[in-house]
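One structure is given here, and the rest of the page talks about it.
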2 protein chains.
Amino acid sequence: MNAPRTARERARAELTAEILAAARRQLGEVGAVGLSLRSVARELGMASSAVYRYFASRDDLLTALLVESYNEIGEAAERADDPDAAPERRWLAVWRGVRGWALANRHEYALLFGTPVPGYAAPHLTAEAAGRMPLTLARIVADAKRAGTLAPPPGPACDPAAVTPEMLVILQDMAFDVEETARLVLAWNRLVAILGYELHGHLVNITADDAAFFDYTARTEGAFNGLAFD
Amino acid sequence: MNAPRTARERARAELTAEILAAARRQLGEVGAVGLSLRSVARELGMASSAVYRYFASRDDLLTALLVESYNEIGEAAERADDPDAAPERRWLAVWRGVRGWALANRHEYALLFGTPVPGYAAPHLTAEAAGRMPLTLARIVADAKRAGTLAPPPGPACDPAAVTPEMLVILQDMAFDVEETARLVLAWNRLVAILGYELHGHLVNITADDAAFFDYTARTEGAFNGLAFD
DNA sequence: CGAATGCAAGAGCGGTGCTCTCGTTTCGGT
DNA sequence: ACCGAAACGAGAGCACCGCTCTTGCATTCG
C-alpha cells in the first residue's frame, strides 16, 4: 500500500476506487449474481474491456467487495462493543450491531454468507477480515472468563478431536479450552444463520417479531456460552 | 395429477419428466447458477425454445427442482426416523440422515438453503414440501413430551410475541408452548446452518472431524430442546 | 529524443434467457 | 369424416453477459 508517486499511479488508484465504489453500489441494488462488469463500465463511461486493466476478472472484483464487506461487518461488531460494559450487555450489543449492518446491507451479507460461487474459493487474504466479527464475540467471553463470571459449561461434552489445533492456537491467548471454543464456533454460526434465515425469508410466517426473536436467540446463545443471561 | 388420457398428454408428461431429470443431473454437476436451459435442451436434442413449452422460465424449472429437493431431504429425514426408538437415538439419527443427504447432494442443498435468487420468491406450493424435515424433528420432541421424558426448558425465556400464532396453530396438535416452539425453530435453523457451514467451507481450519463436530452439534441442540443427552 | 510501457477503445467469440414466427401434428366437436 | 383450434418443434433473432485480442494514442523513462 505505497503512496502513488507519479500522476499515472495516482490516476490508477483513483479509478480503481471508483470502479470499486460503482460495483459496490450496484451490488447493493441488484445483488452479486446481477452485478455485471459491463454495467459497471457503462456507469463509469468506459469500455468494458478497460475495466480488465484494474480487475482481472469478475471474480476478482467480487473478491474485493468481499473483503470490503467482511471488514465492514467486523467494524460494525467492534464499534458496537463497549469493553467497559458488562459482558451480557456487550454480547447483546454486538449481536444487534451485526444485525443492523446485515439489515442495511443484505446483498453484501448474502455475498459473505450465502451460497459460494461454484468455481470460486475465497482467497486467503480474506481470512483476517473474516475473523474480526467472530473475534469480537470471543473477546467478550474471554473477558468474562478472566473476571470469573463465566458459568460452568452447559450441555453435552464435545469430542476434543472435533476442533483443529490451529483454532485452539489462535484463541490460545484467551485461554479457551475445547468446550469453550466449540461453543464459540456455534455462537458465531448461530449469529450468521439466524440472520440468514431472517434476511432470506425463511422465518416468514414463523416469527412475528423478528427483532424480539433475534434478541431471544442472542440471549440463548450467550447463556450457552456461559454468560449470565436470565 | 390426473392420469394422461391422450397420447399427446402422455408424451407431454414424459418429456416434462425427462427435462426435469436432465436438469436435475446438470444441477448436481454445475450447481444452480451454472444450470442453463439451453444446455438442458441440448442434452435432450431439442431446440431451446421448445423447452419453454414445458417450463415457462428458468426460474420455473428451478422451482420444480426446489420442490423435488425439499421432498427428498424431507424423505431422508423421515426414513432415518424410527418411531419405536428412544427420542435421543431418533434425534441423532434424523440429524445424521439429513447430513447424509446434504453431503450427497450439495448443490441441491445450496439451492434449498443458500442465497435466494434476487428477484425470486419461493411459491407457496413449496411450503408443504419444505415442512417435512422440520416436522420430523418436531414429532420426536412431541413424542418425548407425551412420554414425559422431556426436561424442563433450559436457557432464557422467549418473548411470546416473537412467534406467530400461525406457527403455534400448526404445531398445536403436538401441544407445544411458545418456548418449545422457539427452541424447535432454533434447532431446525441450527441443522441447516451447521451443514451450510460444513458444505460451504466455513469450517475449514476450524473443525478437524466434521462428523464428530456435527454429532456434538446435534446432541447440544437436542439437549437444548429437552431431550436427555448426556 | 526515442523506446518502452500503460492505457482506452473497439471488434469479436461463444455463451445466456427469452420471444416471435412459421409449418406441422394432434385433438375434440360436429 | 372432416375442420377448426390448440399444442408442438424448430429456427431466427434480440439484448445481454464474461472475456480476449488488436489497434492506436498518451505517458513515462533511459
Side-chain angles (χ1 to χ4, degrees), chain A residues 2-20 22-23 25-27 29-66 107 111 116-121, chain B residues 2-20 22-23 25-27 29-66 107 111 116-121:
Chain A
N2 295 330
R5 295 289 309 154
T6 74
R8 179 167 276 178
E9 281 174 356
R10 180 198 311 269
R12 179 175 184 84
E14 275 183 17
L15 233 182
T16 304
E18 273 184 49
I19 293 174
L20 211 57
R25 227 188 35 72
Q26 295 205 4
L27 172 65
E29 282 183 4
V30 297
V33 309
L35 197 163
S36 113
L37 215 145
R38 284 177 119 110
S39 73
V40 170
R42 264 196 303 272
E43 179 174 328
L44 299 182
M46 60 169 75
S48 66
S49 56
V51 180
Y52 283 85
R53 298 248 176 225
Y54 300 88
F55 293 93
S57 71
R58 184 179 174 277
D59 275 3
D60 265 35
L61 186 54
L62 237 46
T63 299
L65 294 175
L66 199 72
H107 285 126
L111 177 64
V117 183
Y120 174 79
Chain B
N2 293 333
R5 297 287 309 155
T6 75
R8 199 198 277 277
E9 282 174 355
R10 180 198 311 269
R12 179 176 183 84
E14 276 183 15
L15 232 182
T16 303
E18 274 185 48
I19 293 173
L20 211 56
R25 228 188 35 71
Q26 295 204 4
L27 171 66
E29 283 183 2
V30 297
V33 310
L35 196 163
S36 114
L37 213 145
R38 284 177 116 111
S39 73
V40 170
R42 264 196 303 272
E43 179 174 328
L44 299 182
M46 61 168 78
S48 67
S49 56
V51 180
Y52 283 85
R53 299 257 181 223
Y54 300 86
F55 293 93
S57 70
R58 184 179 174 277
D59 275 2
D60 266 34
L61 186 54
L62 239 45
T63 299
L65 294 174
L66 199 72
H107 284 127
L111 176 63
V117 183
Y120 174 79

- What is the nucleic acid contact for B:S57, judged by heavy atoms within less than 4.0 Å: base, sugar-phosphate only, or nothing? sugar-phosphate
- Query: For A:R53 and C:dC7, is the shortest distance between a side-chain N/O and OP1 or OP2 below 4.0 Å?
  - Reply: no
- Item | B:Q26, B:R38, B:E18 screened by side chain to side chain contact (heavy atoms under 4.5 Å, CB included) with B:E43, the one that passes | B:Q26
- Note on the structure: 5'-most contact on DNA chain D (nearest-nucleotide basis), A:S49 vs B:M46, goes to B:M46
- Note on the structure: Rounded to whole Å, the CD1-P distance (B:I19 to D:dG9) equals 8 Å
- Give one of base, sugar-phosphate or nothing for A:F55, where a contact means two heavy atoms less than 4.0 Å apart. nothing
- Task: Classify the side chain of A:R12 and the base of C:dG6 as holding, or not holding, a donor-acceptor pair under 3.5 Å.
- Result: no
- Note on the structure: note: A:L15, atom CG; D:dA26, atom C1'; distance rounded to Å ~ 15 Å
- Among C:dA8, C:dC27, C:dT16, the nucleotide that comes nearest once only the side chain of B:S39 is considered: C:dT16
- Stepwise side chain to side chain contact (heavy atoms under 4.5 Å, CB included) check, A:V51 with A:L44: CA-CA 10 Å; A:V51 180; A:L44 299 182; over 6 Å; no
- salt bridge (charged side-chain N to carboxylate O under 4.0 Å, His left out) assessment of A:R10 paired with A:E14: CA-CA 6 Å; A:R10 180 198 311 269; A:E14 275 183 17; 5.5 Å; no
- Note on the structure: In whole angstroms, the gap separating C1' of D:dA6 from CZ of B:R8 amounts to 7 Å
- Task: Evaluate side chain to side chain contact (heavy atoms under 4.5 Å, CB included) for A:T16 paired with A:I19, printing each intermediate quantity in order.
- Result: CA-CA 5 Å; A:T16 304; A:I19 293 174; 5.8 Å; no
- Message: Using a heavy-atom cut-off of 4.0 Å across all strands, would you classify A:L44 as base, sugar-phosphate, or nothing?
- Response: nothing
- Message: Nearest 0.5 angstrom please: A:H107 NE2 to A:L27 CG, how far?
- Response: 7.5 Å
- Please work out if B:L35 contacts a base, only the sugar-phosphate, or nothing of the nucleic acid, heavy-atom cut-off 4.0 Å. sugar-phosphate
- Query: Would you say the base of C:dG15 and the side-chain of B:R38 have a donor-acceptor pair closer than 3.5 Å?
  - Reply: no
- Message: Classify B:S36 by what it touches in the nucleic acid, base, sugar-phosphate, or nothing, heavy-atom distance under 4.0 Å.
- Response: sugar-phosphate
- Whole-Å distance separating the CZ atom of A:R42 from the C1' atom of D:dC17: 10 Å
- Message: Whether B:Y52 contacts D:dG9 is assessed here as follows: a side-chain N or O lying under 4.0 Å from the phosphate OP1 or OP2. Is that the case?
- Response: no
- Check the distance between D:dT28's C1' and A:R10's CZ and give it to me in whole angstrom. 15 Å
- Round to the nearest Å and state the distance from B:R58 atom CZ to C:dT16 atom C1'. 9 Å
- Task: Take the protein atom CG of B:L37 and the nucleotide atom C1' of D:dA10, then report the distance between them rounded to whole Å.
- Result: 15 Å
- Message: If the cut-off is 4.0 Å, is B:Y54 near the phosphate of D:dA7, judged by side-chain N/O to OP1 or OP2?
- Response: no
- Message: Distance check needed: D:dC19 P versus A:D59 CG, whole Å only.
- Response: 7 Å
